[in-house]
Amino acid sequence: MNIVLFGPPGSGKGTQAIKLAEKYEIPHVSTGDILRENLKRQTALGLEAKKYMDRGELVPDGVLIGIIKDRLAQPDCDSGCIFDGYPRTIPQAEVLETILNELGKTLDVVVNIEVPDVEVLKRISGRRMCACGASYHILFNRPEQEGICDLCGCKLYQREDDKETAVLNRLAVYKKQSQPLIEYYRQKGVLVTVDGTAEIQAVFDEISAALDTVPAT
Ligand code: ADP
Ligand code: ADP
Ligand code: ZN
């Protein structure tokens, strides 16, 4: 099953993707995590992406194509995967469809996680990340031990782009460049919308219930 988790920055895509990956035993593919990992290793890709990420802008579509192609070609994606943060533009959605088709796969469902701006701002300002991709919140989703990841024991940090200025830009970019995908996928008949304001477990249950009705491919 190939699933896209879609929603504004801070809507809970990463949080849900980790839980869904465990339940459905398919990999979590986060373009944000892949870009941040490249940044950390100072690869050419990471350094190119940094210019855009720091400003809260989208990395150009062309840069993402190679990332997605390489990732989908890996054998652990054979029985599907959970995309988190991709696609974010209509051209990216078209590329994804082409790549999946070439591999004889289909996109089964796009989960649109709805969260209003005020809530998104509260979530992003309190978000603390781990390099493993896990995210926590200083009030809403605290790790067992303050500042330490429950999953891998690493030290948590605040993302550069989660600090004030980039956040408002990321929301504006989402509305302008990403939101049109909702209509795009609705017309394709694969869109499921969930209320992302509920508690983490309740959102997970709602997404799971929706996914359990998707016919196996
Ligand atoms: P995204 O990947 O969509 O940017 P995250 O999964 O990183 O979002 O979640 C953003 C922040 O909100 C994190 O600090 C996370 O712990 C917190 N969070 C996620 N889901 C919920 C929820 N349902 N209720 C409250 N806080 C949440
Ligand atoms: P968010 O919490 O905002 O959903 P992500 O971790 O998914 O954040 O992405 C962080 C940044 O990485 C984005 O603001 C953007 O600069 C870049 N990025 C991630 N995925 C994409 C994508 N599919 N297309 C373009 N840029 C991306
Ligand atoms: Zn971790």
Side-chain angles (χ1 to χ4, degrees), residues 4-20 28-39 45-46 48-65 67-68 71 82-93 95-96 111-115 119-145 147-162 166-174 177-178 181 194-207:
V4 164
L5 294 188
F6 183 82
S11 54
K13 302 181 294 298
T15 302
Q16 297 298 331
I18 289 177
K19 289 167 73 69
L20 292 166
H28 166 207
V29 175
S30 158
T31 44
D33 287 349
I34 294 171
L35 291 169
R36 277 185 291 277
E37 205 237 321
N38 272 274
L39 227 164
L45 177 74
E48 165 72 6
K50 180 175 164 50
K51 296 184 276 186
Y52 302 95
M53 294 171 81
D54 282 351
R55 289 198 295 261
E57 283 164 18
L58 293 185
V59 174
D61 290 341
V63 176
L64 273 301
I65 297 178
I67 295 181
I68 291 296
R71 189 63 191 87
I82 300 165
F83 294 97
D84 156 14
Y86 189 96
R88 271 178 146 100
T89 64
I90 288 180
Q92 288 184 9
V95 165
L96 178 63
V111 180
N112 172 30
I113 307 179
E114 276 188 334
V115 177
E119 186 61 27
V120 153
L121 293 173
K122 280 191 230 163
R123 289 189 184 182
I124 293 182
S125 61
R127 170 159 60 186
R128 295 294 179 269
M129 287 289 295
C130 177
C132 79
S135 70
Y136 299 85
H137 192 281
I138 52 171
L139 303 173
F140 310 145
N141 181 25
R142 298 161 66 168
E144 275 167 32
Q145 197 184 336
I148 304 290
C149 178
D150 292 347
L151 302 182
C152 71
C154 290
K155 206 165 160 247
L156 304 181
Y157 68 96
Q158 185 174 26
R159 270 168 54 177
E160 262 324 301
D161 62 345
D162 276 355
V167 174
L168 292 176
N169 198 29
R170 274 159 63 207
L171 262 179
V173 163
Y174 168 77
Q177 296 181 260
S178 304
L181 281 171
V194 300
D195 173 11
T197 61
E199 292 202 346
I200 292 173
Q201 187 60 37
V203 177
F204 177 70
D205 291 342
E206 195 182 345
I207 298 176

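Here, residue 1 is the first one in the sequence, and each next residue gets the next number. Quantities reported herein were computed from a predicted structural model and do not represent experimental measurements. All ligand and atom numbering here is 1-based and tracks the order in the structure.
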Asker: Do the rings of H137 and F140 sit parallel, tilted or perpendicular, given the 30° and 60° boundaries?
Answerer: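 Plane angle under 30°, so parallel.
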Asker: Contact between L151 and C130 at the side-chain level, heavy atoms closer than 4.5 Å - yes or no?
Answerer: no
Asker: For the CD atom on Q158, are there more than 12 heavy atoms of other groups (residues, nucleotides or ligands in this structure) within a distance under 6.0 Å?
Answerer: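 Enclosed: over 12 neighbouring heavy atoms sit under 6.0 Å from CD of Q158.
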Asker: Y52 to ligand 2: N or O pair under 3.5 Å?
Answerer: no
Asker: Using a 4.0 Å heavy-atom threshold (strictly under), name the region of S30 that reaches ligand 1: side chain, backbone, both or neither.
Answerer: neither
Asker: Backbone or side chain, does any N or O of R128 fall under 3.5 Å from an N or O of ligand 1?
Answerer: no
Asker: Return the residue, atom name and 0.1 Å-rounded distance of the protein heavy atom closest to atom 20 (N) of ligand 2.
Answerer: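 Nearest protein contact, heavy atoms only, for atom 20 (N) of ligand 2 is T31 OG1, 2.8 Å.
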Asker: Charged N to carboxylate O under 4.0 angstrom, D162 versus R123?
Answerer: no
Asker: Counting heavy atoms only, which part of L35 comes closer than 4.0 Å to ligand 2: side chain, backbone, both or neither?
Answerer: side chain
Asker: Hey, looking at atom 16 (O) of ligand 2, which of E57, R159, R55 has the closest heavy atom?
Answerer: E57
Asker: Using distance alone, determine whether G10 and ligand 1 share an N or O pair under 3.5 Å.
Answerer: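 Among all N and O atoms of G10, at least one is under 3.5 Å from an N or O of ligand 1.
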Asker: Given side chain to side chain contact (heavy atoms under 4.5 Å, CB included), test Y86 with V4 step by step and report yes or no.
Answerer: CA-CA 7 Å; Y86 189 96; V4 164; over 6 Å; no
Asker: Just need the protein heavy atom nearest to atom 8 (O) of ligand 1, so name the residue and atom and give the distance.
Answerer: G12 N, 3.1 Å
Asker: Given E119, K122, R123, which one has a non-hydrogen atom that is nearest to atom 11 (C) of ligand 1?
Answerer: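 Ranked by closest heavy atom to atom 11 (C) of ligand 1, first place is R123.
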Asker: At the Zn ion (ligand 3), what angle lies between atom SG of C130 and atom SG of C132, rounded to 10 degrees?
Answerer: 100°
Asker: Please calculate the SG(C152)-the Zn ion (ligand 3)-SG(C149) angle and round it to 10 degrees.
Answerer: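 That angle works out to 110° after rounding to 10°.
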Asker: Counting each atom of ligand 1 from 1 as listed, which ones have a heavy atom of H137 under 4.0 Å away?
Answerer: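 Result: 14 (O), 16 (O).
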Asker: Kindly give the heavy-atom pair with the smallest separation between T31 and L64, and that separation in Å.
Answerer: CG2-CD1, 3.7 Å
Asker: For atom 23 (N) of ligand 1, what is the closest protein heavy atom, and at what distance to 0.1 Å?
Answerer: A198 O, 2.8 Å
Asker: Provide, to 0.1 Å, the distance between atom 15 (C) of ligand 1 and the closest protein heavy atom, together with that atom's residue and name.
Answerer: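 It is T15 OG1, 3.9 Å.
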Asker: Counting only heavy atoms not in Q201, do more than 12 fall under 6.0 Å of its CD?
Answerer: yes
Asker: Looking only at non-hydrogen atoms, which of K13, R88, R170 approaches atom 5 (P) of ligand 2 most closely?
Answerer: R88
Asker: Which bit of L58 is near ligand 2, meaning a heavy atom under 4.0 Å away: side chain, backbone, both or neither?
Answerer: both
Asker: Would C154 and C132 count as a side chain to side chain contact (heavy atoms under 4.5 Å, CB included) here? Give the steps.
Answerer: CA-CA 8 Å; C154 290; C132 79; over 6 Å; no
Asker: Determine whether V95 and P87 make a side-chain contact, defined as any pair of heavy atoms from C-beta on separated by less than 4.5 Å.
Answerer: no
Asker: For D84 and H28, indicate whether the former's side chain and the latter's backbone hold a donor-acceptor pair under 3.5 Å.
Answerer: no
Asker: Return yes or no for this condition: an N or O of P9 is under 3.5 Å from an N or O of ligand 1.
Answerer: no
Asker: Let me know which of K50, M53, E48 forms a side chain to side chain contact (heavy atoms under 4.5 Å, CB included) with L35.
Answerer: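 Answer after filtering K50, M53, E48: M53.
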Asker: Mind checking whether N141 contacts ligand 1 via backbone (N, CA, C, O), side chain (CB onward), both or neither, at a 4.0 Å heavy-atom cut-off?
Answerer: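 Answer for N141: side chain.
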Asker: At less than 2.8 Å, would any N/O/S atom of C154, backbone or side chain, sit next to the Zn ion (ligand 3)?
Answerer: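 Checking the Zn ion (ligand 3) against C154, no N, O or S atom falls under 2.8 Å.
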Asker: To the nearest 0.1 Å, how far is atom 14 (O) of ligand 1 from its closest protein heavy atom, and which atom is that?
Answerer: Y136 O, 2.7 Å
Asker: I'd like to check L168 versus L121 (side-chain heavy atoms, cut-off strictly below 4.5 Å). Are they in contact?
Answerer: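 Yes, at least one pair of side-chain atoms sits under 4.5 Å.
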Asker: Answer with side chain, backbone, both or neither: which part of Q16 has a heavy atom less than 4.0 angstrom from an atom of ligand 1?
Answerer: neither
Asker: Give a yes or no on whether the backbone of G7 and the side-chain of K13 come within a donor-acceptor separation of less than 3.5 Å.
Answerer: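 Pair found, side chain donor or acceptor close to backbone of G7.
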Asker: Can you figure out which of E199, R127, M129 has its heavy atom closest to atom 7 (O) of ligand 1?
Answerer: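 The option holding the nearest heavy atom is R127.
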Asker: Testing I82, I200, I207 for side chain to side chain contact (heavy atoms under 4.5 Å, CB included) with K19, which one passes?
Answerer: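 Among I82, I200, I207, the one that satisfies the side chain to side chain contact (heavy atoms under 4.5 Å, CB included) with K19 is I200.
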Asker: Which of the numbered atoms in ligand 2 are under 4.0 angstrom from any heavy atom belonging to R36?
Answerer: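 Going through ligand 2 atom by atom, the ones under 4.0 Å from R36 are 6 (O), 10 (C).
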Asker: Closest heavy-atom contact between R55 and N169?
Answerer: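 Closest pair (atom of R55, atom of N169, distance): O-ND2, 2.7 Å.
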Asker: Within the 4.0 Å heavy-atom shell around Q92, which atoms of ligand 2 are there?
Answerer: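 Near Q92, the atoms of ligand 2 are 22 (C), 23 (N), 24 (N), 25 (C).
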Asker: So is there a nitrogen or oxygen of F140 less than 3.5 Å from a nitrogen or oxygen in ligand 1?
Answerer: no
Asker: Which heavy atom of the protein is the closest neighbour of atom 2 (O) of ligand 1, given with residue, atom name and distance?
Answerer: G14 N, 2.9 Å
